[in-house]
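I have placed the structure first, in the form of structure tokens, so that the comments after it can refer back to it.
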Protein chains: 2
Amino acid sequence: MRELKRKRGRPPTIDADAAMRAVVELFRSKGYAAVSLDELSEVTGLSRPSLYRSFGNKLSMYLRAIDVFGEQVVESAVPKLQDDGDLEVALTNFFSEMLNIYYRDDDIAPGCLVFGTAPSNADEAEIQSRLSFSIEQVDQLMRARMQKAFPARGSAQLDSAVHIASNTLIAFSARAKSGATKSELLEIGAQSAHAICTLLQGERAD
Amino acid sequence: MRELKRKRGRPPTIDADAAMRAVVELFRSKGYAAVSLDELSEVTGLSRPSLYRSFGNKLSMYLRAIDVFGEQVVESAVPKLQDDGDLEVALTNFFSEMLNIYYRDDDIAPGCLVFGTAPSNADEAEIQSRLSFSIEQVDQLMRARMQKAFPARGSAQLDSAVHIASNTLIAFSARAKSGATKSELLEIGAQSAHAICTLLQGERAD
DNA sequence: GATATTTTGTACTGTTTCGTACAGAATTAA
DNA sequence: TTAATTCTGTACGAAACAGTACAAAATATC
């Protein structure tokens, strides 16, 4: 609440948010297991003890990084999906915005922190939990948006369309890391959005 | 060619194929970076020097594991896709067979060695190369099979369907690792196959 | 039986990594 | 000025790890 009241001892000089942004970048370009605390120390500019004090051990740093990454997605990409208007446009814009996150450049792609790095380390229960939560979240957001656009569709048709959309996003991560350019994936996103709308428009509801 | 001719010194006792199968299992459940040579030594039953002599260092073991895994896919799942007859059936059976590989049980899923673990370590050039090759391979197989079933379809319609299928498969890996059951993914595979055929049948060729 | 040849694991070195104890720095309160 | 408090990094110990030298084991050849 009040932050004018100076605390007692030596004032903190660490920018935890900036450090966490660097942590996210390192984890999503190198994965979880391949990253050492020394590297994290280097990219954040914080000493190893400072990292422990601010964020705990490597696992808790990674989990927190996933949360931060998720917030970024919720802030910048999810609104595009939830935009009223044409579903195909909303889906295309959502995919496009996600690719802006996955790519730093048209060529160089740190990819998705969750879908790109979590599967390798899902033997860790808390990591698997975040992965499963993320997938469910995407499925659920897709389902809500499609249901809004096509209220008459049956649950089966909806599920099918939902999974096509989610799977497209999940696969983007692997494709980006494989060296595909952003433009190529933009095209795949647009194809996917178009196909989904074709399906939802064309099929008879049971 | 001739193998009756006994070689000169101490006869080898190592079963390289069995060892490599164990290597594949370890890598795809724990990822690349998290695996140590001591663990590889333990699961294969070979000493660390024997591992070096047989397969080289960790990277070359991993690359070879990817090749072995790929052969397994080509032998058991790809034929299902290439089966003549209904495309929807072929796709469904292909997905099903891939899930048999991804899952050891209905619940426990080591997942896909390539799509599950390679993206985390794609900064290594040779790993990225295998990942990109695998994706291209899947895209190409899908395209060939769909073109055979729907020769009249235009390239754009085909591309769209191809990517839906490939993305389904790629996403299976993440979904399996996230804790989804095999039955759930079988359902998603069937949905995807049905949607693809609906699209290819329904759309007019330009 | 002795020697050459090939395979194999024990044991060693140097490096990397994690985690923390502890001392020094920077500030407020007395 | 001194003491209390909070923040920070240097420096240490312990464990894990990669890679290899070397000796022992097991066979063929002489």
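Chain letters run A, B, ... following the sequence lines, proteins first and then strands; every chain starts at 1.
When all heavy atoms of B:Arg28 and B:Phe69 are compared, the closest pair comes out as NH1-CE1, 3.7 Å.
Whole-Å rounding puts the B:Leu51 CG to D:dG19 C1' distance at 12 Å. Distance B:Arg8 CZ to C:dA4 C1': 5 Å, rounded to the nearest Å. The nearest whole Å value for the distance from the CZ atom in B:Phe55 to the C1' atom in D:dA18 is 18 Å. Going from atom NZ of B:Lys58 over to atom P of D:dG19 covers 9 Å, rounded to whole Å. Between the C1' atom of D:dT6 and the CD1 atom of A:Ile14 lies a distance of 12 Å, rounded to the nearest Å. In this structure, the OH atom of A:Tyr62 is 19 Å from the C1' atom of C:dC18, given to the nearest Å. Separating the CG atom of B:Leu37 from the P atom of C:dG9 is a distance of 15 Å, rounded to the nearest angstrom. Distance A:Met61 CE to C:dC18 P: 11 Å, rounded to the nearest Å.
Along DNA chain D, the nucleotide nearest to B:Arg10 and the one nearest to B:Arg53 differ in position, and the one closer to the 5' end is contacted by B:Arg53. The residue among A:Ser50 and B:Ala34 whose nearest nucleotide of DNA chain D is located toward the 5' end is A:Ser50. Between A:Asp38 and B:Gly45, it is B:Gly45 whose nearest contact on DNA chain C lies nearer the 5' terminus. Along DNA chain C, the nucleotide closest to A:Pro11 and the one closest to A:Asn57 are compared, and the more 5′ of them pairs with A:Asn57.
Ion pairing of B:Lys182 with B:Asp107 is absent here, as no side-chain N (NZ or NE/NH1/NH2) approaches a carboxylate O to less than 4.0 Å.
Defined by atom type and a distance below 3.5 Å, a donor-acceptor pair is missing between the side-chain atoms of A:Ser178 and B:Ser132.
At a threshold of 4.0 angstrom between heavy atoms, the contacts of B:Leu46 with the nucleic acid are absent. Among the atoms of the strands shown, only primed sugar atoms or phosphate atoms (P, OP1, OP2) are found under 4.0 Å from some heavy atom of A:Pro12.
Here the side chain of A:Ser36 is nearest to one of D:dA18, C:dC18, C:dA11, namely C:dC18. Picking from C:dA11, D:dT29, C:dG19 the nucleotide with the shortest atom distance to the side chain of A:Tyr52 gives C:dG19. You'll find that the side chain of B:Arg48 is closest to C:dC12, out of C:dT28, D:dG9, C:dC12.
Within the structure, every side-chain polar atom (N or O) of B:Thr13 is placed at least 4.0 Å from both OP1 and OP2 of D:dA26.
In the displayed structure, A:Glu39 atom CD is contacted under 6.0 Å by more than 12 heavy atoms of other residues, nucleotides or ligands. Atom CD1 of B:Ile108 sits in a sparse spot, with 12 or fewer heavy atoms from other residues, nucleotides or ligands closer than 6.0 Å.
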